[in-house]
Amino acid sequence: MALPKEVSERRMLPQWLTPAQAAKTGERVFGQSPRRLSSRDEWWLQELKRKFENNSNFYTAADLHFSAVMAGRPEFAAAASRVYASSKIGQRVSTQLRTSASTAPPLLHTEQVVREQIANIKRILADEGRQPLQWAELARNYVLIGQTEQAIRCMRIALQLAGPHRYLYRTACRLFVHADMDDEAVELVRRHPGLSADPWLLSCEIAATTVTGKTSKNIGRARKLLESGSIAPAHATELAAAIASIEHEAGAVKRAKKWYAMGAVQPTANTLAQIEWAHQKDPQIGSILSSQPLHVNAGEALAWRARHDRQWESVVAYCQEWLRIEPYSSRPALLGSFYVELTGKADFTLMESISSAGLLANPRNPSLLNNRAVGRAYTGQLKGALQDVVSAIEQIAHLTSAEDDGCSVPFLRATLGLIAYRSGHASLGESFYAQSLSQFLEEKDRPSFLLAALHWCREEARLGAPDVSRTLELIRKRIKVLPTTQAPELQSMLELVSNEVKQKSLEISLSASDPIESSALYETDQRLQALEGKKETQSAVKYSPRRALESLIQQSD
């Protein structure tokens, strides 16, 4: 398992919510429009109103209703809302939603549910194809099952139909970043005619530009817009948080706190999460959850707060809620699956299911594949675990440095060590873990080194190795000198393994129903070596695992 990269990095990219969700979050509140509505947006609302008046059915009502809500124009939405709610299709949709809410898994989406939704949207578009919001929803659902190319095609159609529609530009930007089309995401938002006066678009452009590794040229304009006092707090929140994040990253904590305070006046769930994440990174940035009413989609912010308090069960629960709101994102699945182990409940089936839910939308994510491999190894599904490691290796081979998600060769080699131990090949597992730790030393990645060492200790303890407690004490001393932001996970993992050793509660069976042959493990390790450019297999550890582990730990000083 790798310490999640998400703990050290977060951007103020827009959440890709459904139109109905976006209408409820405060992003578009009646009577609180930005400084002015662009002429193109006004024209589009008038066009939707004309279409609705000429043919007032469910389809035209839905488009007008959601567009008006998100533009903060209730006068356009009123009549359309009544038609939308009273139509047979609208009633059927509401019934389906109620039924699915009571019968489907409450948090983790499934491929079957997503494909049914895709079929429903296609039927709607077959009746009336000029519905940009439905095309955007079709794109969103394609993303949820990893069909990114189809999603991009649908989103381009939505943009062509709607023109510079603010919601669509923000969601399209999020899609392009998800698809590693960072430069196109930035250029899209910059082309919007209302960019200079729209805080929602400015926050999107600034965040997307940081993903490319550059600094937005609109930061000065954004500051002036916020300092003018002409933007309502509900519309200033994400822009203020985006500027605060840049100031914070530059080390200007005092200025960052000023902008975070402005964003905290009437925050979206996205702003709440950014401030709570910043609080994890730097305690000088205070938490604001206690002073804010909870949003319906505040799962991410609550997850960060629970991490601060080391409430790992709550972290997992909130990550699942976060995943329900943003099922296209790899972040909630990565964090949720990682923290399952720290709960101490050995619910590794949950680790696998959360990882699998994230892999639906992100099937080529090496870290998610690695997390699922760990969950499968702990539940005895060793062939599936090894296949996940092989898949992760294949994906890492094609990643650019910009796409690096934090999962590297030493993480996968440690997982390979776990699989070897669980397959009854202890000496091979020792070798893989020792190589993994040596690589972490070379990379000066002390947190990952200590985490892998703890997992190695667990495997040795399960085999009855002597003096594991002595090794754990060495690890404890090194965790104490780490920065506080890196220590919570390691400290909890240390306590977990120490308790297992003391209570002899390493109850997971030594045998598995599908053990892996040593030849398959060697072959997989050769693939890892190929990624590193090595030609020869490294020799196995030539002295006892305990001495090897202790020697490597002492070298970490």
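Scope of the values below: all heavy atoms of this structure, side chains included, with no hydrogens, waters or symmetry mates. Here the structure is a predicted model, which is why all the values come from computation and not from measurement.
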N/O donor-acceptor pair under 3.5 Å between D525 side chain and R413 backbone | no

Apply the test salt bridge (Lys or Arg N to Asp or Glu O under 4.0 Å) to residues E184 and R156: give CA-CA distance (whole Å), side-chain angles for both, the deciding distance (0.1 Å), then the verdict.
-> CA-CA 12 Å; E184 186 166 347; R156 293 195 192 283; 2.8 Å; yes

Side chain R462, main chain R458, donor-acceptor under 3.5 Å = no

Heavy-atom check, side chain of W16 versus side chain of V143, under 4.5 Å | yes

Kindly determine whether R11 and E249 satisfy salt bridge (Lys or Arg N to Asp or Glu O under 4.0 Å), including the steps that lead there.
-> CA-CA 11 Å; R11 308 293 186 189; E249 190 170 335; 3.1 Å; yes

Residues R170, E238: salt bridge by 4.0 Å N-O rule | yes

S337 side chain to L334 backbone, donor-acceptor under 3.5 Å = yes

Backbone of N365 reached by a side-chain donor or acceptor of N362 within 3.5 Å | no

Is there a salt bridge (Lys or Arg N to Asp or Glu O under 4.0 Å) between R422 and E459 once you walk through the steps?
-> CA-CA 8 Å; R422 301 286 161 153; E459 295 311 302; 2.7 Å; yes

Could you label the plane-to-plane angle of the Y378 and H455 rings as parallel, tilted or perpendicular, counting under 30° as parallel and over 60° as perpendicular?
-> parallel

If only atom types and distance count, is the side chain of T415 paired as donor or acceptor with the main-chain N or O of F411 below 3.5 Å?
-> yes

Taking C-beta and beyond as the side chain, do D182 and T209 meet within less than 4.5 Å on heavy atoms?
-> no

Can you tell me how far the CE atom of M493 sits from the CD1 atom of I475, to the nearest 0.5 Å?
-> 10.0 Å

So Y339 and W312, would you call those rings parallel, tilted or perpendicular, with 30° and 60° as cut-offs?
-> parallel

Y142/V114 under side chain to side chain contact (heavy atoms under 4.5 Å, CB included): CA gap, chis, key distance, verdict | CA-CA 8 Å; Y142 272 129; V114 175; over 6 Å; no

Let me see the working for E394 and R364 under salt bridge (Lys or Arg N to Asp or Glu O under 4.0 Å), right down to the final yes or no.
-> CA-CA 9 Å; E394 293 171 350; R364 293 180 290 277; over 6 Å; no

Measure across Y318 and G299 and return the closest heavy-atom pair with its distance rounded to 0.1 Å.
-> CB-O, 3.4 Å

Could you tell me how the ring of Y433 sits relative to the ring of Y421: parallel (under 30°), tilted (30 to 60°) or perpendicular (over 60°)?
-> tilted

Can S245 and Q274 be counted as having a side-chain donor-acceptor contact under 3.5 angstrom?
-> yes

Residues E300 and Q15: side-chain donor-acceptor under 3.5 angstrom = no

Taking N370 for the side chain and P366 for the main chain, is one N or O donor matched with an acceptor at less than 3.5 Å?
-> no

